Amino acid sequence: MNKYNTHSDLAKESLDLLKEGKHYQRKIEKKEDFSIETYEFLEDTEYLKKGKYIEFFFKDHISNISEQITKILKEMIDQNEYPRILVTGLGNPYLTSDAIGPRTLRDIRVTHYLDDSLKLENHYYDILSLTPGVMYQTGVETVEVIQAMVDQFQIDLVIVIDALCAKDYQKLGHVIQINNVGIHPGSGIGNHRQAIQEETLGCPVIAIGVPTVIYASSIVKDVFQLMKDYFGDAIDIKNRLKIGKREKYEGTLSSSQQRYLLGHIGSLDQEELESLLQEILTPVDRNFVMSDKQIDETVERMSALLAKALNDLRYNY
């Protein structure tokens, strides 16, 4: 493997060299405004642990998706009998692209301090919350802070919320991923911290993530693909009269045309091209981790959506 390889935190973008049916099973569900893709990994892989990963993809920020998130979370939570839940917002609250966890916790309902009769009347789960910050602020590994809470309050289930790294720019702020295996904080950008998972905490972990950052190499790779699509569009005579903004270019180039227009780079597939860009950019510290110019609005909307989904959770007798 390329020593400069960077990877995505999204299951769907981490399927290279894996075979459906052998390494994972997939189910796709199309809704009116969004899609739900479920990946059941049958064994541990280099980047993904064995377990279930559910990806919601949507083009616009829509409120009714929170109902589906609540439903998925409830199915995972109810595998434990009325658990005491610790909801943890990972990330740096002072860095917008990393603040989705802390900002979600700003609006969630904690119930641990309520009388049992009130929780029973409203069907509330027993919920505590924690914003542990990041290691450079506390000097302590995040998993150690969570472990202390788990031990002190006899936590049965941990839910962690974190920002993720994607390979596709269009997924920034447009995907919510939920899994039942936990998370390695910072792994998508090479900042590896200790894993937050059942093996380290002694209780099940549900991870919720939203991609907010992307590497420069991934963006440049997409630009090269857009160039191929653009040239393919331009040489197609039926597209000559198309002007103005459009959702995408629809043209294609043959292998010889790609080599003629872009040289050797034109003959590389997407993975080969990104590996080359990583080799070029990383040694000179130019493979920047980048975010969208609308990240402030995106984080506010997504954190509000996740908070609503968590606040709508109710247990059944």
Side-chain angles (χ1 to χ4, degrees), residues 1-2 5-31 34-59 65 68-69 71-73 75-77 79 88 90-91 97-98 100-101 104 158-193 195-200 204-215 217-218 221-222 270-271 274-275 289 302 305-306 309:
M1 179 172 289
N2 188 302
N5 183 68
T6 57
H7 76 276
S8 169
D9 288 315
L10 299 178
K12 186 177 180 179
E13 294 183 340
S14 305
L15 300 178
D16 304 335
L17 306 179
L18 302 182
K19 293 183 178 180
E20 185 173 355
K22 179 180 179 181
H23 299 105
Y24 66 91
Q25 296 174 342
R26 174 173 55 180
K27 182 178 74 173
I28 301 176
E29 186 178 356
K30 297 287 187 180
K31 300 289 186 179
F34 60 92
S35 63
I36 305 174
E37 296 192 26
T38 302
Y39 294 86
E40 186 81 38
F41 285 86
L42 308 177
E43 60 186 31
D44 290 347
T45 68
E46 184 172 6
Y47 295 128
L48 300 168
K49 283 180 60 63
K50 177 182 178 181
K52 181 179 291 186
Y53 296 74
I54 301 170
E55 179 180 302
F56 295 81
F57 176 74
F58 45 93
K59 290 188 176 181
I65 196 174
Q68 292 291 326
I69 296 171
K71 178 182 177 183
I72 294 296
L73 289 174
E75 290 174 357
M76 291 184 175
I77 290 170
Q79 294 181 24
T88 305
L90 304 181
S97 61
D98 196 33
I100 196 159
T104 299
V158 172
I159 298 176
V160 294
I161 305 166
D162 199 9
L164 305 179
C165 179
K167 283 186 176 181
D168 184 350
Y169 175 80
Q170 297 182 68
K171 292 191 174 183
L172 298 188
H174 292 279
V175 166
I176 297 171
Q177 178 174 271
I178 302 173
N179 74 48
N180 63 355
V181 301
I183 193 170
H184 284 76
S187 60
I189 58 172
N191 183 22
H192 298 280
R193 304 258 60 87
I196 300 172
Q197 56 193 23
E198 185 170 2
E199 290 82 351
T200 53
V205 178
I206 296 172
I208 306 172
V210 176
T212 58
V213 295
I214 186 171
Y215 273 93
S217 56
S218 296
K221 176 203 69 177
D222 288 345
Q270 292 291 286
E271 292 301 320
E274 185 157 18
S275 293
V289 178
M302 297 303 293
L305 188 152
L306 293 178

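Keep in mind it's a predicted model, so treat the numbers as computed, not measured.
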Grab the two heavy atoms, one from [X] and one from [Y], that are nearest each other, plus how far apart they are.
| X | Y | value |
| --- | --- | --- |
| V160 | V158 | CG1-CG1, 3.7 Å |
| L10 | A166 | CD1-CB, 4.0 Å |
| S14 | L48 | CB-CD1, 3.9 Å |
| K167 | S8 | CG-CB, 3.9 Å |
| A163 | I100 | N-CG2, 3.7 Å |
| G173 | M302 | O-SD, 3.8 Å |

Among I178, I77, V205, exactly one meets side chain to side chain contact (heavy atoms under 4.5 Å, CB included) together with I159. Which residue is that?
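It is I77, the one option of I178, I77, V205 that forms the side chain to side chain contact (heavy atoms under 4.5 Å, CB included) with I159.
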
Nearest 0.5 angstrom please: [X] [atom1] to [Y] [atom2], how far?
| X | Y | atom1 | atom2 | value |
| --- | --- | --- | --- | --- |
| E55 | R26 | CD | CZ | 11.0 Å |
| K171 | S218 | NZ | OG | 11.5 Å |
| E43 | K22 | CD | NZ | 7.5 Å |
| L306 | I176 | CG | CD1 | 5.0 Å |
| I28 | I36 | CD1 | CD1 | 11.5 Å |
| T212 | D9 | OG1 | CG | 9.5 Å |

Report yes if the side chains of [X] and [Y] come closer than 4.5 Å at any heavy-atom pair, otherwise no.
| X | Y | answer |
| --- | --- | --- |
| I69 | I208 | no |
| Y215 | V289 | yes |
| L164 | I183 | yes |
| L42 | Q25 | yes |
| D222 | D168 | yes |
| F57 | K12 | no |
| K49 | E198 | no |

For T200 and A195, indicate whether the former's side chain and the latter's backbone hold a donor-acceptor pair under 3.5 Å.
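Confirmed, T200 side chain pairs with A195 backbone.
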
Derivation of the salt bridge (Lys or Arg N to Asp or Glu O under 4.0 Å) call for E75 and K52:
CA-CA 12 Å; E75 290 174 357; K52 181 179 291 186; 5.9 Å; no

Working for side chain to side chain contact (heavy atoms under 4.5 Å, CB included), residues D162 and D98
CA-CA 7 Å; D162 199 9; D98 196 33; 4.0 Å; yes

Report the C-alpha distance between I54 and M76 in whole Å, list the side-chain angles of each, state the deciding distance to 0.1 Å, and finish with yes or no for side chain to side chain contact (heavy atoms under 4.5 Å, CB included).
CA-CA 11 Å; I54 301 170; M76 291 184 175; 3.9 Å; yes

Run the side chain to side chain contact (heavy atoms under 4.5 Å, CB included) test on V181 and Y53 for me, step by step, so that the C-alpha distance in whole Å, both residues' side-chain angles and the decisive distance to 0.1 Å come before the verdict.
CA-CA 8 Å; V181 301; Y53 296 74; 3.2 Å; yes

What class does the angle between the rings of F41 and Y24 fall in, given that below 30° is parallel, 30 to 60° is tilted and above 60° is perpendicular?
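Tilted, since the angle between the ring planes falls between 30° and 60°.
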
Exceeds 12 heavy-atom contacts within 6.0 angstrom, atom CD of Q170
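No, the 6.0 Å shell around CD holds no more than 12 heavy atoms from other groups.
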
